[in-house]
Amino acid sequence: MTPPDRIRSPASRFSITRYWTPLAVTYLVLALIGLIGTWTFNALAIVQLRNFAGDWVNSGPAVSSLTVDLLVAAVAGSILIIVESRRLGLRRGWIYVVLAGLTAYAFVFPLFLAMRQRALTKREAEGGTRAADATV
């Protein structure tokens, strides 16, 4: 016979809210903002019959779409930097976010990923969690 703690109602097995943490919801909201924000400007470019690639170097809806795209990615990446820094015990992870405003996010995010990988490799060498498992 199955113990009572193992019996679940069919609704709990297929619950739409199952496994959604506040962090996962935050990332989902950012994804929706990115989709709506970029495609609003993409649709505007289509309606106006704009040269999308040409607008990237001049001005127009394509630049706004690209701006929203990069901004949402930077916000999501910044959240990841702070959360991963705490999870891995990296001190002062917030400095990467501040540094992005002083340099460029294209510099800071790969820098953080390099330092993260270094910490994972160190943890593996010291007998902790395997780096391959943690990077998936």
message: Any heavy-atom pair between the side chains of Arg116 and Ile81 that's under 4.5 Å?
response: no
- request: Consider only side-chain heavy atoms of I, L, V, M, F, W and Y, link residues closer than 4.5 Å, and tell whether Val63 and Leu70 are in one cluster.
  value: no
query: Quick one: does Tyr96's side chain have a donor or acceptor within less than 3.5 Å of a partner on Ser85's backbone?
result: no
field: Steps toward side chain to side chain contact (heavy atoms under 4.5 Å, CB included) verdict (Arg50, Leu44)
entry: CA-CA 9 Å; Arg50 303 289 297 241; Leu44 187 60; over 6 Å; no
Over all atoms of both residues, closest heavy-atom pair of Asp55 and Ala62: CB-CB, 3.6 Å
- request: Give the C-alpha distance, both sets of side-chain angles, the deciding distance and a yes or no for side chain to side chain contact (heavy atoms under 4.5 Å, CB included) between Leu66 and Phe41.
  value: CA-CA 9 Å; Leu66 183 61; Phe41 292 110; over 6 Å; no
Salt-bridge present (Glu84, Arg87; N to O < 4.0 Å): yes
task: Verify side chain to side chain contact (heavy atoms under 4.5 Å, CB included) between Phe112 and Leu90, making sure each step is shown before the conclusion.
output: CA-CA 10 Å; Phe112 168 75; Leu90 302 174; 4.2 Å; yes
Step-by-step side chain to side chain contact (heavy atoms under 4.5 Å, CB included) determination, Ile79 to Leu30: CA-CA 11 Å; Ile79 292 170; Leu30 285 169; 3.8 Å; yes
task: Examine distances only and state if a side-chain atom of Ser65 and a backbone atom of Pro61 form a donor-acceptor pair shorter than 3.5 Å.
output: no
- prompt: Donor-acceptor pair, Tyr105 side chain versus Ser78 backbone, under 3.5 Å?
  reply: yes
- request: Consider only side-chain heavy atoms of I, L, V, M, F, W and Y, link residues closer than 4.5 Å, and tell whether Val98 and Ile82 are in one cluster.
  value: no
query: If two hydrophobic side chains count as joined below 4.5 Å and joins carry through other members, does Leu23 share a cluster with Val25?
result: yes
Residue pair Asp69, Thr38: steps toward the side chain to side chain donor-acceptor pair (under 3.5 Å) verdict: CA-CA 6 Å; Asp69 193 20; Thr38 55; 5.8 Å; no
